[in-house]
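Notes follow once the structure below has been shown.
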Number of protein chains: 2
Amino acid sequence: MSAEWDPYRGDCPSRMLLDRIGDRWTVLVVGVLSDGPHRFSELGRRVVGISQKMLTQTLRSLERDGLITRTVYAEVPPRVEYRLTEAGHTLQEPLRALQTWATEHMDAVVDSRRAYDRVGGRLDR
Amino acid sequence: MSAEWDPYRGDCPSRMLLDRIGDRWTVLVVGVLSDGPHRFSELGRRVVGISQKMLTQTLRSLERDGLITRTVYAEVPPRVEYRLTEAGHTLQEPLRALQTWATEHMDAVVDSRRAYDRVGGRLDR
DNA sequence: CTGTATCCGCCTTGATACTG
DNA sequence: CAGTATCAAGGCGGATACAG
């Protein structure tokens, strides 16, 4: 399966998705939007630690990729609503699988790291 | 679901996994190792574009996390074999789901980007 | 409220050279 | 073959100030 992966091509599926979820915030934002539509400030509060700049940037990228929609309501004060598109929703499933894996294996990984570090990073013989 | 995510805590499952797959090479290396054990130089050839330094670094991280094992054979020339652990294998599944998603939605995303860029990044009204 | 613009430091990565 | 060491470049992301 991995044979047809071509990390060189920018339009390679693997690379495309990796570039998207590798930016540290995308997955978290999509996770919050899974609950339903949210406005800018709500997202900022929910995704703890994200800066305004990164939130905007993440949202723009997701919009550009067609994974979320951005709706501006002509009100005062202005209100902008972000919501997952059909495609965006389909991304939830694989993301949730990853989340599940992480939850189930977190302890083992933490233990492994501790053991590895304790012996100075040399487990082989 | 997303409510209990805490991006602040370093041991949060989400963050941990994100840090791991966000480094651009881990997923590719795991993908190659899915085919079976490989030696260092083989991995270097299969994961096109990776530098020796990054390959080493990626391998060390995976070993530290208990996702792969490193076996040194006392031969001349030296031979080192990397193989997925039990935990490493379980990671394949969610990774494959992600890969599948990427493959299925790649075209749509590329189209979306083109459309977005054509109108100067302003799809909202 | 919802952004945009700018400066800037850190970390990741790549290139290169060297070793057991 | 399988790394390690070092240095430099670039991008990511944070902080801050400002605007519609």
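Every chain is numbered from 1, with letters handed out A, B, ... down the list of sequences.
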When the distance from [atom1] of [X] to [atom2] of [N] is rounded to whole Å, what number comes out?
| X | N | atom1 | atom2 | value |
| --- | --- | --- | --- | --- |
| B/Gln57 | D/dG3 | CD | P | 14 Å |
| B/Arg70 | D/dA2 | CZ | C1' | 8 Å |
| A/Leu59 | C/dG3 | CG | C1' | 11 Å |
| A/Leu28 | D/dG13 | CG | P | 12 Å |
| B/Leu43 | D/dA2 | CG | P | 9 Å |
| B/Glu75 | D/dA2 | CD | C1' | 13 Å |
| A/Asp19 | D/dG11 | CG | P | 13 Å |
| A/Arg45 | C/dT2 | CZ | P | 8 Å |

Summary of protein contacts for nucleotides 14-20 of chain C, nucleotide by nucleotide, where a base hit scores B, a sugar-phosphate-only hit scores S (4.0 Å, heavy atoms): BB----B
Heavy-atom closest pair, residues B/Ser61 and B/Arg20: CB-NH1, 3.5 Å
Any donor-acceptor pair under 3.5 Å from B/Ser112 side chain to A/Arg64 backbone: yes
Side-chain N or O of [X] closer than 4.0 Å to phosphate OP1/OP2 of [N]:
| X | N | answer |
| --- | --- | --- |
| A/Ser41 | C/dT2 | yes |
| B/Arg39 | D/dA2 | yes |
| A/Arg60 | C/dG3 | yes |

Sugar-phosphate only, base, or nothing, as touched by A/Tyr73 at under 4.0 Å among non-hydrogen atoms: nothing
Proximity to the side chain of A/Asp23 - top-ranked nucleotide from D/dC1, C/dT4, D/dG13: D/dG13
